[in-house]
Amino acid sequence: GFIFQVTSFQGVAVRSLSTSSPHDHPEHGRLVYKGNLAKTVLGVKFFSYSTSVFNLFMMPYIMLKSGIGVESLLVQAAFYGLIGIFTFVTPITLHILTKGYVIRLYYKDEVDTYTAITYNAILAEKVTVFHQKDVKIPDITKMFTTFYAKTKSMLVNPTLFPNPQDYNHLMGYDKSSFFKFEDLEEVKEADER
């Protein structure tokens, strides 16, 4: 009896582990989108941050060993400028470019709200909740922005939505159908008059 209970318990545990995904969050709604560059973005940002920290720790040592501290002011300024670009500018630029990259997007049908998961400056997941009516499409196509959620720029790849209808609803394309059947009938009647 005891051995049977243990094996059946293991079967249940294995079954429950295999059916639940690490990205299942019922409180956010159903998963409608998953970005395929999430690991790449995280890896590049982590590499950039780690090299910046390494540069900060190595700068005093390099200055001491190379004798740059004794050289002219111009050489010092050029050295600090170069190190500063790699230490601060690169990670800041990377963060600005990738902060709107949506890792996962969830949708709650009953309240018509989305939950976008992005990475924040310290590489932790950041949750942004917005309503479909908060979505604004930029007038001019922008390189790192597909849409704005309130004021936050968000970047998604339309081809990665398993259900194209989810993308159409997110962007509001399902509401602003210019060629509805009724509209065509009205145009036809106006022409006949």
Side-chain angles (χ1 to χ4, degrees), residues 21-25 27-29 31-108 113-161 166-167 170-172:
S21 160
H23 304 309
D24 283 347
H25 292 280
E27 72 276 12
H28 296 324
L31 182 67
V32 294
Y33 171 85
K34 192 174 169 191
N36 62 350
L37 295 176
K39 286 182 180 174
T40 306
V41 168
L42 186 65
V44 167
K45 285 177 93 167
F46 180 77
F47 177 74
S48 176
Y49 286 179
S50 59
T51 54
S52 294
V53 169
F54 178 77
N55 284 346
L56 283 173
F57 282 111
M58 289 303 291
M59 201 183 321
Y61 177 78
I62 292 168
M63 285 174 55
L64 189 67
K65 290 292 181 186
S66 64
I68 286 177
V70 188
E71 296 288 335
S72 71
L73 191 63
L74 185 66
V75 174
Q76 282 184 27
F79 177 75
Y80 289 132
L82 189 65
I83 296 294
I85 286 171
F86 289 110
T87 305
F88 300 108
V89 177
T90 305
I92 291 168
T93 305
L94 267 174
H95 173 66
I96 290 168
L97 295 179
T98 60
K99 70 179 179 179
Y101 183 77
V102 177
I103 307 163
R104 294 185 307 280
L105 186 69
Y106 298 91
Y107 177 64
K108 270 193 175 175
T113 58
Y114 290 90
T115 302
I117 311 295
T118 55
Y119 287 125
N120 65 12
I122 57 166
L123 307 181
E125 290 189 356
K126 180 183 175 185
V127 175
T128 304
V129 179
F130 59 95
H131 194 278
Q132 196 286 320
K133 67 183 178 201
D134 298 326
V135 172
K136 303 280 182 275
I137 302 166
D139 297 331
I140 302 164
T141 305
K142 297 196 174 182
M143 191 177 285
F144 296 100
T145 304
T146 309
F147 65 92
Y148 290 100
K150 297 179 183 172
T151 57
K152 294 180 182 177
S153 68
M154 298 280 172
L155 178 66
V156 294
N157 181 345
T159 62
L160 295 180
F161 281 81
D166 286 326
Y167 176 73
L170 169 69
M171 302 299 277

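The first residue of the sequence shown is numbered 1, and numbering continues consecutively from there.
- Here the closest heavy-atom approach between residue Tyr101 and residue Val41 is recorded as CD2-CG2, 4.1 Å.
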Working for side-chain contact (heavy atoms from CB on, under 4.5 Å), residues Leu155 and Val102: CA-CA 6 Å; Leu155 178 66; Val102 177; 5.9 Å; no
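- Residues forming a ring pair (Phe, Tyr, Trp, His ring centres under 6.0 Å) with Tyr49 (at least two apart in sequence, or on another chain): none.
- For the pair Lys108 (side chain) and Glu27 (backbone), a donor-acceptor distance under 3.5 Å is present.
- Screening Thr93, Leu94, Val53 for a side-chain contact (heavy atoms from CB on, under 4.5 Å) with Ser48, the sole residue that qualifies is Leu94.
- Between Leu170 and Leu105, the closest side-chain pair of non-hydrogen atoms falls below 4.5 Å.
- Under the rule for a side chain to side chain contact (heavy atoms under 4.5 Å, CB included), the partners of Thr87 that lie at least two apart in sequence or sit in another chain are Ser52, Asn55, Leu56, Ile83.
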Please list every donor-acceptor pair under 3.5 Å in which a side-chain atom of residues 135-150 meets a protein atom from a residue at least two apart or in another chain.
| residue | atom | partner | partner atom | Å |
| --- | --- | --- | --- | --- |
| Lys136 | NZ | Lys133 | O | 3.3 |
| Lys142 | NZ | Tyr148 | OH | 3.0 |
| Thr146 | OG1 | Val156 | N | 3.0 |
| Thr146 | OG1 | Val156 | O | 3.0 |

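- Within 6.0 Å of the CG atom in Leu82, the count of heavy atoms belonging to other residues, nucleotides or ligands exceeds 12.
- Side-chain contact between Tyr119 and Leu42: present, with at least one pair of heavy atoms (C-beta onward) separated by less than 4.5 Å.
- Remark: Phe130 CZ to Met154 CE distance equals 5.5 Å, nearest 0.5 Å.
- Scanning for side chain to side chain contact (heavy atoms under 4.5 Å, CB included) contacts around Lys99 gives His95, with sequence neighbours left out.
- Between atom CD1 of residue Ile92 and atom CD1 of residue Ile85 there is a gap of 12.0 Å, rounded to the nearest 0.5 Å.
- Here CG of Asp134 is found 10.0 Å from OG1 of Thr113. Values are rounded to the nearest 0.5 Å.
- Taken from OG1 in Thr128 to CD1 in Ile117, the straight-line distance is 8.0 Å, to the nearest 0.5 Å.
- Considering CZ of Arg104 and OG1 of Thr118, their distance stands at 10.5 Å, rounded to 0.5 Å.
- Phe161 and Tyr33 have tilted rings, their planes meeting at an angle from 30° to 60° on a 0 to 90° scale.
- Applying the side-chain hydrogen bond (donor to acceptor under 3.5 Å, both in side chains) rule to Asn157 yields the partners Thr159; only residues at least two apart in sequence or on another chain are considered.
- In terms of the side-chain hydrogen bond (donor to acceptor under 3.5 Å, both in side chains) criterion, His28 has no residue partners (sequence neighbours excluded).
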